[in-house]
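Shown next, in structure tokens, is the structure this report addresses.
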Amino acid sequence: MRTALHNLVKSTIIYKYDLPNAVESIPKTLFSTENDKCYSIANEQDLVRLIYNSIIDYSFNEFDFTERELEDLHTIAFQERVRYNESDSEASKLKYGFFGEVLLHCVLKPFFQTNTLISKGYFYDPLTKGEARGYDAYHLIEENNSVGLWFGETKFHINYTSAVNDVLKKIKSSLSDDYLSTNLLAIRKNRENLNIQGSKIESILNDWNENPTIKIIEELKQHSINLIYPVIILFQQNSSGYNESIKKIPKYIEDNYELEDYDISIPYSVFFIFIPVEDVKKVKKEVLEWIELKKPLI
């Protein structure tokens, strides 16, 4: 991540506390195997600036930066790496997935020290002009003999209930051998674009390519690879304040959902990242204005 962008992330997205939080009497969600994380936004204008500038880092791998100027990459991103169509209505544009996906990328790298396995922009198809399928981020942490695949999800809605519902209605599918294998198959097709050369996962994908009969999930198990599933929920803070806005979410999940078993064979972790925003629609509209105006990049 570029230094200027890293600094903007750290000054804009501020860590508040973990869940469970005994002081505020807020539990973690019943789906979380690890502590949930809560952040606040220091300045919404900086949030607009952050989303606008991080589209490049979300769309391209770091080695792409040496070949083109940032302004060129920004232009190319909207042509072939993220869903953006000038002729779309404002209502359609406000539903674009990149608003949340770029922030997932921004949070994972500086706060959790992940590395980008491959940028999500490689999976967008400009012919169909639809949102790229699969997990919303493909990051990893490889240390010693262990590899964690940080394959995350993000929702950026006005109502926290719709954001939570969108995640939880598909969590059983997302945390499954079949879904993980399908995503790894898509990565295998793009293995020449992997951001981390010589990684263990790259070696496994290359072996899989040479021998398609390999059972990829068994390979992951043998190489001590686990799945970390971070879920960022960005939503509109209500009038009762930050803590009350956070408190409503674990309660809503407990009242409306039950924990299920997942059809996944490798070790996995799940946790939520909650980020209330004062005016969701205003932030998204300003990002769109910046795109139209082609504001200078940091």
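Source: prediction; values computed, not measured.
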Can you tell me if [X] has over 12 outside heavy atoms packed within less than 6.0 Å of its [atom1]?
X	atom1	result
Glu254	CD	no
Lys93	NZ	yes
Lys172	NZ	yes
Lys282	NZ	no
Gln222	CD	yes
Asn211	CG	yes

So which atom in [X] and which in [Y] form the shortest heavy-atom distance, rounded to 0.1 Å?
X	Y	result
Pro276	Ile246	CG-CD1, 3.8 Å
Gln113	Pro110	NE2-O, 2.7 Å
Ala137	Leu108	CB-CD1, 4.2 Å

NZ or CZ of [X] within 45° of [Y] ring axis and under 6.0 Å:
X	Y	answer
Lys16	Tyr39	no
Lys284	Phe156	yes
Arg83	Tyr124	no

ask   = Phe112 vs Trp150 aromatic rings, parallel, tilted or perpendicular, using cut-offs 30° and 60°?
value = tilted

- Mutual orientation of the aromatic rings belonging to Phe151 and Tyr135 [parallel < 30°, tilted 30-60°, perpendicular > 60°]: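 Tilted.
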
(request) Begin with the C-alpha distance, continue with both residues' side-chain angles, and end with the deciding distance and a verdict on salt bridge (Lys or Arg N to Asp or Glu O under 4.0 Å) for Lys295 and Glu289. (result) CA-CA 9 Å; Lys295 288 263 193 173; Glu289 289 172 6; over 6 Å; no

field: Flag, side chain of Asn61 to backbone of Ser119, donor-acceptor distance under 3.5 Å
entry: yes

| task | Ignoring hydrogens and angles, tell me if any N or O in the side chain of Asp36 forms a donor-acceptor pair with the backbone of Ser32 under 3.5 Å. | result | no

**Asked** Can a donor-acceptor pair be found between the side chains of Tyr17 and Asn243 at a distance below 3.5 Å?
**Response** yes

